[in-house]
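Taking it in order: structure first as structure tokens, then the write-up.
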Amino acid sequence: MENMKVSIKKISDKTYEILNSPFYVDGKGGQLGDRGTISDVNIVEVKENLVILDKDLEDGEHPYFIDENRREDIRQQHTAQHIFSAEAYNNFGLNTVGFRMAEEYTTVDLDQKDISKEIIDKLEELVNNDIKADIVIEEEIYTNEEAHKIENLRRAIKDKIKGDVRFIRIGDIDICACAGFHVSRTSEIEIFKLINHENIKGNYTRFYFLAGERAKNDYNKKHDIIKRLTNVFSCKDDEILEMLDKSLTEKAKITTELKSLSIKYAELMVKDFENTFIEYKGHKILVYNEDENLANILGRFVNLDNFLLLNGYDKNFSLNSNIYDCKEIILNITKSFPTIKGGGAKNKGNIKLDRAYNRNELIELIKKGIDEQ
């Protein structure tokens with residue numbers, strides 16, 4: 001395909017009309033579209049008789065290249081979907097009502113919710129058995145009339161198909177009308193793995209799967225994660241969950257103890273802290289931005305009948321007072337500094353800063369909010 005050429009005509013920025021396009025369209029039949037290059041420019045999206053590139057090209061003829069590794073990945077995922085849908089239909093009477101291939105995984109929606117673990121495990125086993133059986137996959141073309149005479153199709157032929165119909169036959173497991181890419185033998189899929197499932201739209205179950213290289217890459221990634229966890233916990237693979245439970249229990253205990261200590265410390269330091277106020281235009285301002293745990297609880301202990309308290313950590317702050325209008329001060333700050341967000345009620349509000357501020361900067365921020373009143 002490297003020596004082949006296509007003729008393109010610019011429609012808009014980086015978008016070109018391409019007649020008799022050799023590129024498979026994104027989303028057609030639920031499948032991923034082609035990627036590759038035209039001249040030395042990357043294809044980022046394929047539409048019907050249109051391509052979107054990452055740079056502009058001159059109108060005219062250009063050599064093109066289609067990414068065959070991507071096509072092979074698509075073949076593996078798409079044929080795996082046919083087999084999964086066929087086994088679900090043949091063995092359990094489950095119909096496929098949705099299919100979507102994404103860059104990282106493929107989803108298949110079956111028309112039943114709360115499918116048992118036994119059925120799910122059996123489906124995965126059946127698909128992998130079909131892959132191992134090295135079944136030949138055939139493309140068959142029928143006239144429209146002939147196609148409509150084929151009995152027991154798991155998926156009806158769409159009315160919009162008017163001409164000849166292309167079928168994909170997988171031995172005696174499945175025959176299905178399809179215009180997408182497929183492997184020539186089931187063994188080329190190599191491996192099939194269900195990675196997740198969930199109930200959707202009330203009565204359907206959505207399955208997420210990986211096939212071929214995607215499944216192997218996923219295994220390698222998860223194997224690396226397990227190795228890192230065994231190193232962290234100094235344990236064997238099958239002890240990771242036990243060690244994780246132990247670690248989470250210890251963390252919860254430490255968190256509770258830290259919260260208790262923070263409360264006791266806040267009670268002890270609040271009087272000294274209240275003496276650090278800065279008076280500005282009749283407002284007694286207190287600012288705390290040091291320890292995150294203390295910042296979260298300090299408002300409980302400060303006498304808000306006397307002070308305007310700004311407390312928080314990093315970019316998230318709370319403004320509290322029983323005598324000054326927090327809502328108005330925050331509104332004035334956000335008007336003066338559009339990148340700062342915030343709002344609230346008269347006695348309490350929240351401020352989301354655009355960056356970390358030091359204590360002096362926070363004081364100046366509050367002064368600005370008071371100045372605008």
Side-chain angles (χ1 to χ4, degrees), residues 29-32 72-139 150-158 167-223 226 241:
Q31 180 181 292
L32 291 173
E72 181 60 23
D73 171 58
I74 292 169
R75 290 186 188 100
Q76 290 179 320
Q77 311 312 312
H78 202 160
T79 309
Q81 179 267 313
H82 276 227
I83 298 173
F84 175 79
S85 293
E87 293 294 8
Y89 178 78
N90 295 341
N91 292 278
F92 305 105
L94 299 170
N95 294 291
T96 293
V97 293
F99 156 58
R100 179 177 176 269
M101 192 187 304
E103 297 290 345
E104 295 183 358
Y105 52 76
T106 301
T107 63
V108 179
D109 301 338
L110 300 182
D111 63 346
Q112 183 178 311
K113 67 175 183 178
D114 299 326
I115 298 173
S116 70
K117 183 179 185 303
E118 290 74 19
I119 290 177
I120 293 170
D121 290 346
K122 187 62 179 177
L123 276 172
E124 184 174 273
E125 179 187 345
L126 287 167
V127 175
N128 280 303
N129 286 343
D130 293 336
I131 291 169
K132 195 187 305 180
D134 194 26
I135 301 164
V136 173
I137 295 166
E138 301 170 288
E139 174 187 290
I150 299 175
E151 297 180 352
N152 300 320
L153 291 175
R154 68 171 173 83
R155 190 176 70 186
I157 300 167
K158 293 180 180 179
F167 282 85
I168 297 298
R169 182 186 291 276
I170 306 173
D172 59 1
I173 295 170
D174 190 46
I175 179 169
C176 184
C178 182
F181 301 151
H182 292 277
V183 297
S184 59
R185 308 181 73 94
T186 59
S187 61
E188 294 173 24
I189 299 171
E190 299 181 299
I191 188 170
F192 173 88
K193 182 62 185 174
L194 291 170
I195 56 171
N196 195 17
H197 66 277
E198 60 183 345
N199 290 336
I200 61 162
K201 301 176 184 175
N203 295 313
Y204 300 152
T205 302
R206 174 165 293 166
F207 288 88
Y208 298 74
F209 77 77
L210 304 170
E213 289 300 315
R214 293 191 186 193
K216 289 189 286 185
N217 290 338
D218 183 67
Y219 172 83
N220 290 334
K221 180 180 74 174
K222 289 173 180 174
H223 178 68
I226 288 171
L241 292 179

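Shortest non-hydrogen contact noted between Leu32 and Ala102 is CD1-O, 3.6 Å. Cys178 approaches Ile168 most closely through the heavy-atom pair CB-CG1, 4.1 Å. When all heavy atoms of Ser85 and Thr96 are compared, the closest pair comes out as OG-OG1, 2.7 Å. In this structure, Ala133 and Thr186 approach most closely via the heavy-atom pair C-OG1, 4.3 Å. Contact between Val97 and Leu110 at its shortest, heavy atoms only, is CG2-C, 4.3 Å. Of all the heavy atoms in Ala177 and Phe167, the pair that sits closest is N-CD2, 3.4 Å.
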- request: Applying side-chain contact (heavy atoms from CB on, under 4.5 Å), run through Ile74 and Gln31 and close with a yes or a no.
  value: CA-CA 7 Å; Ile74 292 169; Gln31 180 181 292; 3.3 Å; yes
- request: With side-chain contact (heavy atoms from CB on, under 4.5 Å) as the test, would you mind laying out the steps for Val183 and Gln76 before giving the verdict?
  value: CA-CA 6 Å; Val183 297; Gln76 290 179 320; 4.3 Å; yes
message: I'd like to know whether Ile170 forms a side-chain contact (heavy atoms from CB on, under 4.5 Å) with Ile175, so could you lay out the CA-CA distance, the side-chain angles of the two residues, the decisive distance to 0.1 Å, and finally the verdict.
response: CA-CA 6 Å; Ile170 306 173; Ile175 179 169; over 6 Å; no
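In this structure, the salt bridge (Lys or Arg N to Asp or Glu O under 4.0 Å) partners of Lys117, at least two apart in sequence or on a different chain, are Asp121. For the salt bridge (Lys or Arg N to Asp or Glu O under 4.0 Å) test, no residue two or more places apart in sequence or in another chain qualifies with Glu188. Evaluation of the salt bridge (Lys or Arg N to Asp or Glu O under 4.0 Å) rule for Glu139 yields Arg166 as partners, not counting sequence neighbours. In this view, Arg154 and Asp174 satisfy the salt bridge (Lys or Arg N to Asp or Glu O under 4.0 Å) rule, not counting sequence neighbours.
Asp73 contributes atom CG, which lies 8.5 Å from atom CD of Glu103 (distance to the nearest 0.5 angstrom). Taken from CG in Leu123 to CG in Leu94, the straight-line distance is 7.0 Å, to the nearest 0.5 Å. Rounding to the nearest 0.5 angstrom, the gap separating the CD atom in Glu125 from the NZ atom in Lys132 is 8.5 Å. Distance CD/Glu213 to CD/Gln77: 10.0 Å, rounded to 0.5 Å. Note that CD1 of Ile119 is 10.0 Å distant from CG of Asn91, once rounded to the nearest 0.5 Å. Annotation: the span from Ser184 atom OG to Asp134 atom CG amounts to 8.5 Å, rounded to 0.5 Å.
The pair Asp218-Arg214 does not meet the salt-bridge criterion, since no charged nitrogen lies less than 4.0 angstrom from a carboxylate oxygen.
The list of salt bridge (Lys or Arg N to Asp or Glu O under 4.0 Å) pairs with a residue in residues 78-97, not counting sequence neighbours, is empty. Residue pairs meeting the salt bridge (Lys or Arg N to Asp or Glu O under 4.0 Å) criterion with at least one partner in residues 104-115, sequence neighbours excluded, are Asp109-Arg206.
Distance alone, capped at 3.5 Å, is enough to place a donor-acceptor pair between the Thr205 side chain and the Gln112 backbone.
Checked by atom type, the side-chain pair Glu124/Asn128 shows no donor-acceptor distance below 3.5 Å.
Between Thr107 and Phe99, every side-chain heavy-atom pair lies at or beyond the 4.5 Å cut-off. The shortest side-chain heavy-atom distance between Glu198 and Tyr208 falls under the 4.5 Å cut-off. Taking the side chain as every heavy atom from C-beta outward, Ile137 and Thr79 approach each other to under 4.5 Å. Inter-residue side-chain proximity for Arg155 and Tyr89 is flagged as unmet; no heavy-atom pair is nearer than 4.5 Å. A heavy-atom distance below 4.5 Å is not found between the side chains of Leu210 and Thr106. In this structure, Cys176 and Leu153 have side chains that are not in contact, with every pair of non-hydrogen atoms separated by 4.5 Å or more.
Other residues, nucleotides and ligands contribute only 12 or fewer heavy atoms inside 6.0 Å of the CG atom of Asp172. The environment of CZ in Arg100 is sparse: at most 12 heavy-atom neighbours from other residues, nucleotides or ligands sit within 6.0 Å. Other residues, nucleotides and ligands place no more than 12 heavy atoms under 6.0 Å from the CG atom of Leu241.
Relative orientation of the Phe209 and Phe84 rings is tilted, given thresholds of 30° and 60° on the angle between their planes. Using cut-offs of 30° and 60° on the angle between ring planes, the pair His223 and Tyr219 is parallel.
Between His197 and the options Tyr204, Tyr105, Phe207, a ring-ring contact (aromatic ring centres under 6.0 Å, His included) holds for only Phe207. When each of Arg75, Lys216, Arg185 is paired with Glu190, the salt bridge (charged side-chain N to carboxylate O under 4.0 Å, His left out) condition holds for Lys216 and for no other.
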